[in-house]
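Just so it is clear: chains get the letters A, B, ... in the order the sequence lines come, proteins before strands, and each one is counted from 1.
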Amino acid sequence: MHGMFKIDARRLLCPLPVIRTQDRIKELQPGDELSVLCSDPGTLHDIPAWCRVHGHQVIESSTVDDEIHFLIRVC
Amino acid sequence: MLAAKVIMDQGVHVEGINFFTGFCVEGHTHAIRHKDKAKAKRNNALWVADQLGMKLHIIDVIEDYKNVVLNPKHGYGQHLNPCLDCKIFMVNQAQAWAWLEENDFDFILTGEVVGQRPMSQRKDTMPVIARESGADERLLRPLSALNLPETLAEREGWVDRAKLFGFSGRNRKPQMALAASLGITEYSQPAGGCCFLTDAKYASKLADLWQARGEREYEMDDIMLLKIGRHIRPRAGFKLIVSREEGENNYLEGYKKTFRNLYPVSHKGPLTLVDGESDENDLQLAARVVARYSQGRDADQVTVCIRETDGATREIDVAPLPPSEIPDAWHV
């Protein structure tokens with residue numbers, strides 16, 4: 001049974017949203033999913049890049065009204 | 001990037017560590033200011049890691065780093081940049097060294113080059129970093145290794161010293177040539193500039209903050225706000241942070257419950273935070289400054305809203321302050 005988790009990184013500027021994502025994922029298990037809500041456009045590059053180098057998967061990303069949402073599967 | 005690539009090409013498993021001190025230039029202001037929308041918004045360390053296919057660990061050292069900024073044993077550089085203490089801190093037992101031990105790595109490598117920076121990358125100061133950090137002979141500088149004594153990684157044969165380099169001095173052309181030979185065509189700016197503490201204007205704002213508070217301390221929000229807006233101090237204990245454009249307006253909105261703030265309602269213009277104590281005369285002055293930087297700067301009167309931290313608002317009509325009545329000395 002995999003878990004569904006979320007963090008709110010709105011109003012944080014990069015690299016803080018990445019650090020929050022990184023630190024939360026350290027506590028999760030492979031297969032868990034983490035929803036990350038951001039407002040810094042820098043996350044559009046940084047969070048997918050961080051996931052790529054660590055082998056995690058961004059399974060959804062969307063931007064609505066300057067808010068950016070990522071859904072990450074922990075691998 | 002180059003140092004990591006050189007060692008990775010020798011078949012060594014390399015992972016990156018990037019320390020976030022709060023003073024890092026990249027990302028922040030670009031992300032805030034609308035006028036910078038066209039600029040690439042990316043963390044350069046992450047971009048490099050992505051290019052090299054290398055894991056990168058970003059470590060928040062904001063709290064621990066305060067002692068480096070406030071009490072640098074080896075002093076400051078040209079501004080408030082404690083470069084030598086900074087390098088020692090990052091390589092030392094509490095940071096990279098501890099990470100190395102926890103994660104079972106054998107040595108630390110950095111991209112330092114002898115003679116490249118006036119304070120932290122001199123032939124006499126680079127051994128100080130190795131010694132005072134505790135990393136000692138586990139610290140390898142692949143780009144400048146041939147100018148320095150052999151380290152453990154070379155002696156143990158983990159890396160081949162013959163394939164390391166002897167770069168020195170401020171000239172980046174040899175590194176650029178090496179980058180080209182390794183197929184690296186894009187890299188971040190090669191001559192420093194990644195730390196706000198090396199910036200004269202920023203350092204002046206930080207020094208002003210300490211002087212106004214009567215103590216050398218800071219919190220994360222303080223150092224963020226120093227990166228944003230015009231900072232105007234009409235008197236000790238009373239400073240205005242005036243946004244310069246829509247992106248900064250939006251960012252400063254996040255502080256409306258922390259600072260009394262003003263904004264024009266009859267015209268478009270800047271959100272302005274009031275830092276410190278302010279009486280009615282101060283608020284009149286603040287409103288006139290807001291009016292001066294609004295689109296009503298040439299109008300006879302501008303209506304300005306004063307918003308308290310609890311959300312209560314009131315409006316006043318003021319004449320914009322002429323530029324001649326804003327002395328240069330007020331601009332921090």
Side-chain angles (χ1 to χ4, degrees), chain A residues 5-32 34-75, chain B residues 4 14-22 24-34 36-62 102-103 194 220-221 223-225 227-228 246-248 250-258:
Chain A
F5 303 87
K6 62 181 176 182
I7 54 172
D8 184 349
R10 285 175 296 179
R11 301 207 71 80
L12 295 180
L13 298 177
C14 279
L16 287 171
V18 180
I19 294 173
R20 298 286 182 270
T21 302
Q22 168 190 270
D23 292 350
R24 190 71 184 96
I25 283 181
K26 266 186 202 164
E27 301 164 347
L28 303 183
Q29 301 298 317
D32 286 345
L34 179 67
S35 164
V36 185
L37 195 55
C38 308
S39 52
D40 179 356
T43 56
L44 286 167
H45 171 271
D46 292 351
I47 286 186
W50 184 86
C51 288
R52 268 196 301 278
V53 300
H54 286 272
H56 305 300
Q57 192 182 358
V58 177
I59 50 180
E60 266 180 48
S61 77
S62 58
T63 305
V64 178
D65 295 335
D66 288 338
E67 287 192 356
I68 303 151
H69 173 253
F70 298 97
L71 185 61
I72 299 167
R73 180 173 296 136
V74 180
C75 296
Chain B
V14 177
E15 295 189 13
I17 307 179
N18 180 244
F19 296 105
F20 179 59
T21 64
C24 311
V25 170
E26 56 194 351
H28 293 89
T29 44
H30 293 174
I32 295 166
R33 297 191 74 176
H34 271 220
D36 290 334
K37 264 194 181 310
K39 287 187 185 170
K41 294 168 187 64
R42 68 184 190 202
N43 178 290
N44 278 318
L46 254 176
W47 180 81
V48 164
D50 201 14
Q51 298 303 301
L52 297 179
M54 171 182 80
K55 285 187 180 180
L56 179 78
H57 310 273
I58 306 180
I59 302 176
D60 175 349
V61 293
I62 294 167
E102 273 173 33
N103 293 280
C194 61
M220 179 64 181
D221 281 337
I223 60 178
M224 289 303 298
L225 286 171
K227 299 171 186 174
I228 298 162
E246 189 186 347
E248 290 190 341
N250 295 339
Y251 188 75
L252 293 182
E253 277 283 339
Y255 291 92
K256 67 186 178 190
K257 291 181 180 170
T258 311

query = If you take all heavy atoms of M224(B) and L13(A), which pair is closest and at what distance?
reply = CE-CD1, 3.2 Å

message = Donor-acceptor check, side chain of D46(A) to backbone of N43(B), threshold 3.5 angstrom: yes or no?
response = yes

key: Set of residues satisfying side-chain hydrogen bond (donor to acceptor under 3.5 Å, both in side chains) with respect to E102(B), sequence neighbours excluded   = none

ask   = Is any side-chain heavy atom of L16(A) closer than 4.5 Å to a side-chain heavy atom of M220(B)?
value = yes

message = Just to be sure I understand the criterion: a residue of residues 67-75 of chain A counts if one of its heavy atoms is under 4.5 Å from a heavy atom of chain B. Which ones qualify?
response = none

query = Is chain B contacted by the side chain of R10(A), its backbone, both, or neither, given a heavy-atom distance below 4.5 Å?
reply = neither

remark   = By ring-ring contact (aromatic ring centres under 6.0 Å, His included), Y255(B) pairs with (sequence neighbours left out) Y251(B)

Without placing hydrogens or testing angles, list every side-chain donor-acceptor pair under 3.5 Å for residues 46-54 of chain B, not counting sequence neighbours.
residue : atom : partner : partner atom : Å
D50(B)  : OD1  : R52(A)  : NE           : 3.1
D50(B)  : OD2  : R52(A)  : NE           : 3.1
D50(B)  : OD2  : R52(A)  : NH2          : 2.4

query = Is there side-chain contact between D60(B) and R20(A), with at least one heavy-atom pair below 4.5 Å?
reply = yes

key: Minimum heavy-atom distance L56(B)-Q22(A), with the two atoms named   = O-OE1, 4.0 Å

